[in-house]
Amino acid sequence: MDDVIKFGKRSQNFFELSPFYFCTFVIDRKKWRTLIHYWVASYFKNSNEMREIIRNLDTPDRALRVGSKHGLESFSQIDSKEIIHAMQERFNQNDSLRSILLSTGLSYLEYDGPGFLADENRYGRLLMKMREIYAAE
């Protein structure tokens with residue numbers, strides 16, 4: 001491990017890796033503004049209306065507020081496969097974002113943002129795994 005890169009707050013370097021960073025990607029022919037938008041919407045599998053409302057909100061913070069108002073209490077309620085799938089699509093569809101991830105080298109990525117993703121550095125660990133895969137390509 002070279003060093004530690006803390007990221008996740010708008011004021012920090014590598015904020016582009018944050019799930020709150022606006023970097024669109026498409027899943028099932030629908031455009032998503034951020035990972036947070038997609039993840040919150042994925043909680044509402046049985047309500048296309050709610051998914052569309054969340055998808056069209058202007059900020060990830062608003063998406064989180066609406067999701068929590070309608071029953072999303074924790075990201076542990078969201079299927080891990082949905083989390084990983086959205087991350088893969090976001091990086092596969094955005095070469096510049098993938099380059100930023102690869103530019104972190106062997107550094108330990110520590111997510112320093114809000115919420116469940118900071119617990120046990122869940123999001124940072126997923127990013128490091130994705131970085132390994134991209135570096136091997």
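Because only heavy atoms are used, hydrogens play no part in the values below, and waters and symmetry mates are left out as well, while side chains stay in. Note that this is a predicted model, so its numbers are computed, not measured.
A 6.0 Å sphere centred on CG of Asn13 holds no more than 12 heavy atoms belonging to other residues, nucleotides or ligands.
Leu102 approaches Ala135 most closely through the heavy-atom pair CD2-N, 3.6 Å. Shortest non-hydrogen contact noted between Cys23 and Leu97 is SG-CD2, 3.7 Å. When all heavy atoms are compared, the tightest approach of Trp32 to Arg51 is CZ2-NH2, 4.0 Å. Minimum interatomic distance between Leu57 and Ala63 (heavy atoms only, all atoms of both residues): CD1-CA, 3.6 Å. The minimum heavy-atom distance between Ile36 and Pro60, with the atom names listed, is CG2-O, 3.5 Å. For the residue pair Gly8 and Ser18, the shortest heavy atom distance occurs at O-OG, 3.8 Å.
The only option from Glu82, Arg90, Glu89, Arg55 that meets the side-chain hydrogen bond (donor to acceptor under 3.5 Å, both in side chains) definition with Tyr38 turns out to be Glu82. The residue from Thr104, Asp112, Leu109, Ile100 that alone fulfils the side chain to side chain contact (heavy atoms under 4.5 Å, CB included) condition with Phe7 is Leu109.
Separation of atoms CE (Met50) and NE2 (His70) is listed at 3.5 Å; rounding is to 0.5 Å. Separating the CH2 atom in Trp39 from the CD1 atom in Ile54 is a distance of 14.5 Å, to the nearest 0.5 Å. Atom-to-atom distance recorded for Gln12:CD and Leu17:CG is 11.0 Å, nearest 0.5 angstrom. The line from CG of Asn94 to OG1 of Thr24 is 6.0 Å long, rounded to the nearest 0.5 Å. Note that CG of Leu126 and OG of Ser80 are 8.0 Å apart. Values are rounded to the nearest 0.5 Å.
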Exercise. Between Arg62 and Asp58, is a salt bridge (charged side-chain N to carboxylate O under 4.0 Å, His left out) present by the stated rule, with each step listed?
Worked result: CA-CA 7 Å; Arg62 213 171 253 170; Asp58 60 345; 2.8 Å; yes
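Centroid-to-centroid, the aromatic rings of Tyr123 and Tyr111 come within less than 6.0 Å.
In this structure, Phe14 and Leu101 have side chains that are not in contact, with every pair of non-hydrogen atoms separated by 4.5 Å or more. Ile5 has its side chain out of reach of Tyr108: every pair of non-hydrogen atoms, C-beta onward, lies at least 4.5 Å apart. In this structure the side chain of Phe22 never reaches within 4.5 angstrom of the side chain of Glu16, judged on heavy atoms. Side-chain contact between Phe20 and Thr59 is absent, with no heavy atoms from C-beta onward closer than 4.5 Å. The shortest distance between side-chain heavy atoms of Val66 and Lys69 does not fall below 4.5 Å. Between Tyr21 and Leu35 the shortest side-chain heavy-atom distance does not fall below 4.5 Å. The shortest distance between side-chain heavy atoms of Thr34 and Phe25 does not fall below 4.5 Å. Side-chain contact between Ile84 and Gln88 is present, with heavy atoms from C-beta onward closer than 4.5 Å.
When the side chain to side chain contact (heavy atoms under 4.5 Å, CB included) test is applied to Arg125, the partners found at least two apart in sequence or on another chain are Glu120, Asn121, Arg122, Met128. Looking at residues two or more places apart in sequence or on another chain, you find a side chain to side chain contact (heavy atoms under 4.5 Å, CB included) between Glu137 and Ile133, Tyr134.
Judged by distance alone, the side chain of Gln93 and the main-chain N or O of Val26 form a donor-acceptor pair under 3.5 Å.
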